[in-house]
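Here is how names work: the chains are called A, B, and so on, in the same order as the sequence lines, proteins then strands, and each is numbered from 1.
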There are 2 protein chains.
Amino acid sequence: MAETPVGFSRSTEDYLKTIYGLESSGGPALTSAIAEVLEVAPPSVSGMIKRLSESGLVEHAPYRGVQLTNAGRRAALRVVRRHRILETYLTSKLGYDWDSVHEEAERLEHAASDDLIERMAMALGNPQYDPHGAPIPTKDGEIEEPETIALVDVAVGEIAELRMVGDRDPDVLRYLGALGLKPGVLFEVVGRQPFRGPITIRVIRSTKKDTDQVIGNELAQLLHCLVTEEEVG
Amino acid sequence: MAETPVGFSRSTEDYLKTIYGLESSGGPALTSAIAEVLEVAPPSVSGMIKRLSESGLVEHAPYRGVQLTNAGRRAALRVVRRHRILETYLTSKLGYDWDSVHEEAERLEHAASDDLIERMAMALGNPQYDPHGAPIPTKDGEIEEPETIALVDVAVGEIAELRMVGDRDPDVLRYLGALGLKPGVLFEVVGRQPFRGPITIRVIRSTKKDTDQVIGNELAQLLHCLVTEEEVG
DNA sequence: GAACGGATTTAGGCTGGCCTAAATTCTAAT
DNA sequence: ATTAGAATTTAGGCCAGCCTAAATCCGTTC
C-alpha cells in the first residue's frame, strides 16, 4: 500500500501553520497562544516545540516563545498555499460556500500532493487570493503582505474596498455573506459611533448596492480594507 | 483548529479496505496476506486485528483469519467509494493519468468528507466505474458484482470487451495504456499459445483499432472481460 | 503418532502526540 | 526587594501503531 507521506506529519504542519499565523500578527509565538489555537493543553505544545526545534524548524527561547527558522517558514508557507488553493478550488469548482470551505481544506491540506495543488491552481488560473481575500503564497514561498487597514480604523467619509476577512468562523462568515460583505465590495464609511460603537457604511459596488450596513466594532476589526480615495464632502 | 476526523483512523481504514479486498477474492483474510498488502510486519496485523474486533468491525477466528462484520463491510465500502470517486474525479477533471491516480487517491480517501465525495460524484454525473473499470459502491453500500472473466479464460474466436484492469501498478498500467488497452476496448481473441503462453487479440473498437496485440499470461490474468458474442467462423 | 516448518500470536519496546499534576520561572505590583 | 499570580516547563502516564524476538499452534509428512 506504500503510503508515502506528502510532507511533515499532520500535527507538525498544524503547529507550523499556527506559529506562522501568530508570528505574522507580531512578535514571537507564545506557548499559550499556540495551545489555544490548536485546542491542546500547554504542555503538549512544550513537547512539540522541543521536537520542532530539534528538527530545526523553529528556534525556541525558553519562556519567551518560538520563532520559525527559514526551513520552518518555508514548510509553513507550503501548507498555507495548499490550504488556500484548496479553499479556492472547492469554492469555485465544487460549489462550497465560503463559510464551510475552511474545515474541508483543513483536512485535505495534509493529504494533497504538490502536484495536485498545482493542477488545481492551474485549473483556477493561478489565483492570488482565496475566497476570504487572503493572499495565496506562490509555489516558491513568496507571499504578498497586504497593505490593508481594519475597517475600524477607516475614517468617516473615506471610500474603501473590502479586501479580506480575518476570521474563519462559519457563523461570522454566514452573517457577513448575508450582508453581502465579501472581498471586492466597495463602500463609503458614513458614520461611526463613539466608545467603540458600531460603524455605518454605504455599499457602492456589490450585490447589495446602495444599502447601508451597521457593523459592530468586533466585526469591524476583522474586515481588512484598502482605502481607495477620500470623499471630499 | 478543531479537526474533526472524517471516519476511522487512516490506519483502520486501510486495514478494513485491505480485508475487504482479500475477502472478495475468496475466503477469510489471513494475517500474512494483510501484512503483505499493507507492508507491515505480521505482529502489527495481529495487534490491529485485536483492536478491530474489539470495535466490532471484524470477527477473528484465531489462527484462521478474519472476516468483516456488517459494520466493518459498511465502513470498508465507504472507503472504497471515496477512493474510486476520487480516482475518477482526478482523472476526468484534473488531467491525471490512470497510472498515477491511485497514489493520490490513497491519501485523499482518508481526508475527504462524504460531502466532498458526493459533490465530486455529482459533478461527474454519478459514475458507475472508476478509471480502471472497477465498480463504484453506491452511497448506501451497494456494489455491483462484476460478471467478468479473465482474458486468460476467454476462448479463441470469442469477442469480448475489456471491462476492468485488476492491478494498480503504474508500470503495468502505463504499458497497457500504451497498447490502448483500457476499459471499453472491444477485441477478438485470435490466438493462444499452449503452456501458459501469450494470447493474441485483434482490437475491434478503440484508438488502436485493427491492430493485433500479444499479451503474456500474467497480464492476461489481470484483464477482466465481458464476453459479448461468439465469432462463428 | 511424532516431529518439523510455516503461520500466528505473545512479549516487550519504541515513537509521536496527547493528557494532568507539580515544579519552575518570569513579571508586575507592592 | 519581595512576593503573588500567570505562564511555562518538567514529570509521569496513556494510547495507537509500528517493530523484533520468542513462544505457540497447525497441518503435513514420515
- Whole Å only: how far is the CG atom of B:Leu30 from the C1' atom of C:dT9? 14 Å
- Results of ring pair (Phe, Tyr, Trp, His ring centres under 6.0 Å) for A:His132 - residues two or more places apart only: A:Trp98
- Note on the structure: dist A:Ser11:OG -> A:Leu38:CG (nearest 0.5 Å) comes out at 7.5 Å
- Message: Mind checking if B:Tyr15 touches a base, just sugar-phosphate, or nothing, with heavy atoms under 4.0 Å?
- Response: sugar-phosphate
- Query: How about B:Arg196: does its CZ atom have over 12 heavy atoms from other parts shown lying under 6.0 Å from it?
  - Reply: no
- Query: With a cut-off of under 6.0 Å to the ring centre and 45° to the axis, is B:Arg163 in cation-pi contact with B:Tyr129?
  - Reply: yes
- Task: Round to a whole Å and report the spacing from CD1 of B:Ile34 to P of C:dA7.
- Result: 15 Å
- Check DNA chain C against residues 41-48 of chain A and give the residues with a non-hydrogen atom under 4.0 Å, in numerical order. A:Ala41, A:Pro43, A:Ser44, A:Met48
- Query: Contacts to DNA chain C from residues 61-75 of chain A, heavy-atom cutoff under 4.0 Å, which residues?
  - Reply: A:Tyr63, A:Arg64
- Whole angstrom value for the distance that separates C1' of C:dT15 from CG of A:Leu52: 15 Å
Extract all donor-acceptor atom pairs below 3.5 Å that involve side chains of residues 64-72 of chain B and protein atoms in other chains or at least two apart in sequence.
residue, atom, partner, partner atom, Å
B:Thr69, OG1, B:Gly56, O, 2.8
B:Thr69, OG1, B:Leu57, O, 3.1
B:Thr69, OG1, B:Ala71, N, 3.4
B:Thr69, OG1, B:Gly72, N, 3.1

- Message: Under 4.0 Å from a heavy atom of chain B: give me the 5'-most and 3'-most nucleotides of DNA chain D that qualify.
- Response: D:dA16 to D:dG27
- Message: Quick check: closest heavy atoms across B:Val6 and B:Ala112, and the distance to 0.1 Å?
- Response: CG2-O, 3.6 Å
- Message: Could you tell me if the side chain of B:Arg174 sits less than 4.5 Å from the side chain of B:Leu179, heavy atoms only?
- Response: no
- Message: Measure CD1/A:Ile49 against P/C:dG16 and give the value in whole Å, please.
- Response: 16 Å
- Query: Side-chain N or O of A:Ser11 less than 4.0 angstrom from OP1 or OP2 on C:dC18?
  - Reply: yes
- Task: Indicate whether OP1 or OP2 belonging to C:dT9 is found under 4.0 Å from a side-chain N or O atom of B:His60.
- Result: yes
- Results of ring pair (Phe, Tyr, Trp, His ring centres under 6.0 Å) for A:His110 - residues two or more places apart only: none
- No-hydrogen, no-angle side-chain donor-acceptor test under 3.5 Å, A:Ser113 and A:Asp115: no
- Counting N and O atoms only, with roles assigned by atom type, does the side chain of A:Arg73 sit under 3.5 Å from a partner on the main chain of A:Tyr20, one being a donor and the other an acceptor? no
- C:dG16 OP1/OP2 closer than 4.0 Å to side-chain N/O of A:Thr12: no
- Can you tell if the side chain of B:Leu90 reaches within under 4.5 Å of the side chain of B:Leu108, non-hydrogen atoms only? yes
